[in-house]
Structure formats: C-alpha cells, structure tokens
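See structure below.
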Amino acid sequence: MNNQSILMYLRKSRSDDANESVEDTLARHEQILQDYSVRTFGKRIPDKYIFREVVSGETIEARPMIKQVLHLMENSEVEGVLVVDPQRLSRGDLIDCGTISNSFRYTNTVCYTPTMTYHMDIKHERKFFEGELMRGGEYLEYVKEILNRGRILSVKNGNYIGSIAPYGYKKVAIGDKKSNTHFTLEIVPEEAEAIRTMYDIYVNKHVGFAALANELDRLGYKPRKSAHWSPAALKDMIENPVYIGKLRWNWRKTTKQYENGSMVKSRPKSASEDCIIVDGLHEPIVSEEIFHAAQARKGTNICVKKKVEVRNPYSGILYCQCGRAMSYRAQEAKGIAKAQPRLICNGQTHCKTRSCVYDDFEQYVIEMLSNCIQQFQIELENSQRNNTAAIHESRKKQLKKELAEIANLEEEQYDLLESKIYTRDIFLKRHDKLIERKQAVLAALDNLEQEKIVQIDYEKKIADFSAALTALTSEGYDAVEKNYLLKQCVRRITYSRPSGDRWDNTPFSCNVTLQV
C-alpha cells in the first residue's frame, strides 16, 4: 500500500488538555499517527499530506483544512484519511456529520485511526463511524452548555471573563490557588482620566458623539488601537455599565438563522433578552449619577441643518398616528390678520390626519407638564414613607457579605486538607455542604437581582419637568433650548385627530410616553 495515498488530518478538541497549546496538541497527535503509519504502512506520512487545523470553528464551513481534505478525497488516488479518532473530522450538527459520512462513503475512502479502521463499504463499520460522528456532536453541545453555565456563574460572582479589558481597565488575576484563579479589572489611571472627561463633556456640554470624538482628540486623549476616536466606539463606551462597577454579559448575543439554504450568524444592535447585568469585583471609574445622566442624554440632540433656523421645539418628540414626524408650519398672511402657525404631519400626501394650531398644542403640553409635576409631588411624599428599596439593598449587602464569608471558609477547608488535618472524605463531606450553602445564597441574590426594584428620583423629575414648563411659559428660550429640556421629560408624543371637514372643531388627542 502506498502511504502517499493516505492523508493525515489533525485538530485540537475540547476534550484535550485545556492547558496545552494547539501546537503542542497537534505535535503530540502527529507523533502518535506517524508511529501508526510506520507500523501499518511501513513509512511516515510526508508533510505535504498532513493537514493541521488551527482554527476553532465548529462547522465545516469555518475550517479550511477539512474542506481541503474533503476536496482531495474526490481524487481516486487518495485511499484513506488518518485521524486520532473520527470525532476530529467533525463535531458539528447533523448536516456536517452527513457531509463527512457521505464524502467518505461515496469516494470509497477509508478512515484510519490507531484503534479501528472504518471501511465505508462494510455496513457495520460505516454505522460505527457515523455513530462516532454523532457522539462528537452531542458531546460538543454538552460541553458548550456546561461551559456556558460556568461562565454565567462566574459573571454573577463578579468575575470578568472577557478576553479583552475595556478601555480604562486592564485584566488582572486574583486568587492564590491555581485551581481557584479568576479575573477582575484594574483601573488604568491615564485611560480612566479620558473616561471621566468623556462623560463630563457628553453630559454637561450637550454635544453629540462626533463632536465628542473631536474634542477628545483635541485634548490629546488617545484610543488604544487607532489615531483618532470613533463616534461609534464612544457611543458603546457611554452605554457600558462597566464604568460604574457593573458587568454586562450576553449584551448582544449572537443569533443563528437559516437563510437561503445556509446558516447565518448575526449580532442584533439591541440588547438580548438573556442579558445579565450584575455588580463586578472591580472599582468604578465614574459615578452612577453621571452615568445615568449620560443615558438620559442619548438621542436628545436635535438635528439642525446649517443656515436653517430651528422653530419646532417638538422635533424628535411629536409624531403623527401614522408614524411620521410632525413639523412646524408657519401659515401665509390672509387679509389683515396673519394666520396662526400649525403642527402638521409630514406625510400629508397619504395621511389624512388633520393638523392643529401650534398654540393649542403648546397649551396642551403645558397642562400635561403641570399635571405630571403634581403627581410626582404626591409620589415623592409616598416614597419617603416607603422604605422598600432600602430594605432590598440591605438584603443584597447581607447576601454579598455571606458570600465573602463562604469564600473564606472554602480557603480554610483547602488549607486543612493540604495540612492533612482533614481527610479527603471529611473534606468532601464538609465542602459539599458549603457548596450547597453557596448555591442557595447565589440563588437568593439572583432572585433579588431579577426583582429589579426601580427607585425613581422624583425630586429630579420635578426639577426637570419644572424647567421644561418654565421654558414654555417664559420668554427668552429659543426652540433648541425648549427641545432639549422637553426631551429630558418626554420620550414621544403620538398625535391623532380625525380627518373630515377642515372646519370641524373635533379636538386632537395625544398619547404621551415619558422618560423613565
């Protein structure tokens, strides 16, 4: 048998030693297979017939070396493929397993392993081969599920498990035992200064992300991997709760969809339903007050064309029931009296919602703001008598303190085991009880996190709504200033008014969504 008709395929698996590099694993497996080749075929496999997979893709499409092997198998001169075990060929889904199986079967290619040879024209050997492929896929799904549980538990314990630390931090290891090593974040002073400046400018100078990027460049702050700041990167940083000591996991979870006969991966821009936000072990860089102020600022900048005067303080707030924005429309003078300005839907060609007089709508908004202020004052008085949020926070602190005590007890148990004061049986018995207690505390903490008690700052809301009310009822405020103040209070107003006779006095109605 000519061993040049035998191909060798090497790939590191999740079942291999996690502390061993890809190169070391492939070299070890290559030596095993070369020894097998010498024993079986009398010669070593030449290097040009060895295919080493160094990427970690789960599918055939993501692994270029296996694609080359499958292509070469179509050549009648290729008699077989040598692997450590069939699962190295694929641990993908049913489609990938079927592709591998059919490729070997219909090219009459033999799969050689150190423990068994699989001839595809022999029915029971082919069944064994397909069974190994299927078990590989099942094992991969099991391992991924276990690893994901471990990652989520680690995140909920406050550990940072990302591969790259966010700007402003560096990743550091904590823990004095190799088996108990975990990671957190440590502040990088010069980068933290840039973060604090970024939040201060964004919140207090009311600039957009493009202007913020230019200002940071002007001040001499530099991003890690580029010459200039990107507005998109700054937007992500402003939204990231890591800067107030939180950890965010599954924020934009990768989703898979079957489109046009193939699997397509995507990462939606919106937050995932499985998103986890918990307290981290690291120190915050900015205060929660300025962070939440920055979140409230997003989307409040009014888009203004150059040399165009802004006249509509409801830009970006007021929308017609058809979904289109409504615009300020100054009417031409008719006779002696000048017609009043109106608010009108931008889609009048198709939408028949009637417009309204601008002053009438503004009076509606003034009354709405006044009513909200009165309601907030009532809620403020009630909240001062209700201490639920404080109790909730106190319980969280108590549980976190208990977790710290459990961690110390774990350390003591390991020390007692190492010093042989504890036998292995005593250690396992007491350690299992401690783990049960730890899981119960984590579950209780998780339940508190899920409750998501929202503590509303009614004093701030009263101040914001009062400022907007003052702007609408006093002189000296232009449309841009009114728009900014209104956006601190109102997220959206949906306007409706029945179509019909233009002189019909049927009033308009509005559905108002306030800022949370």
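The analysis underlying the following values was restricted to heavy atoms, covering all of them including side chains, and did not include hydrogens, waters or symmetry mates.
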Gln31-Asp35 side chain donor-acceptor pair, cut-off 3.5 Å:
yes

Whether the Glu79 and Tyr112 side chains hold a donor-acceptor pair (N or O, under 3.5 Å, no angle test) is what I'd like checked.
yes

For the aromatic rings, using the six-membered ring if either is Trp, is the centroid distance between Tyr118 and Phe104 under 6.0 Å?
no

Kindly state each residue pair satisfying salt bridge (Lys or Arg N to Asp or Glu O under 4.0 Å) with at least one member in residues 222-232, sequence neighbours excluded.
Glu191-Arg224

I want to know whether Trp249 and Tyr160 have ring centres closer than 6.0 Å.
no

For Glu283, does the CD atom have more than 12 heavy-atom neighbours from other residues, nucleotides or ligands under 6.0 Å away?
no

Candidate pair Arg218 and Glu215, rule salt bridge (Lys or Arg N to Asp or Glu O under 4.0 Å), full reasoning:
CA-CA 5 Å; Arg218 187 188 69 79; Glu215 183 64 11; 2.7 Å; yes

Would you say Lys400 has more than 12 foreign heavy atoms packed within less than 6.0 Å of its NZ?
yes

Donor on one side chain, acceptor on other, Asn159 and Ser154, under 3.5 Å
yes

Going by an N to O cut-off under 4.0 Å, is there a salt bridge joining Glu61 and Lys67?
yes

NZ/NE/NH1/NH2 to OD/OE distance under 4.0 Å, Asp96 and Arg63:
no

Listed partners of Ala173 passing side chain to side chain contact (heavy atoms under 4.5 Å, CB included), at least two apart
Thr181, Phe183

Hey, does the Lys NZ or Arg CZ of Arg492 hover above the aromatic six-ring of Tyr319, less than 6.0 Å from the centre and inside 45° of the axis?
yes

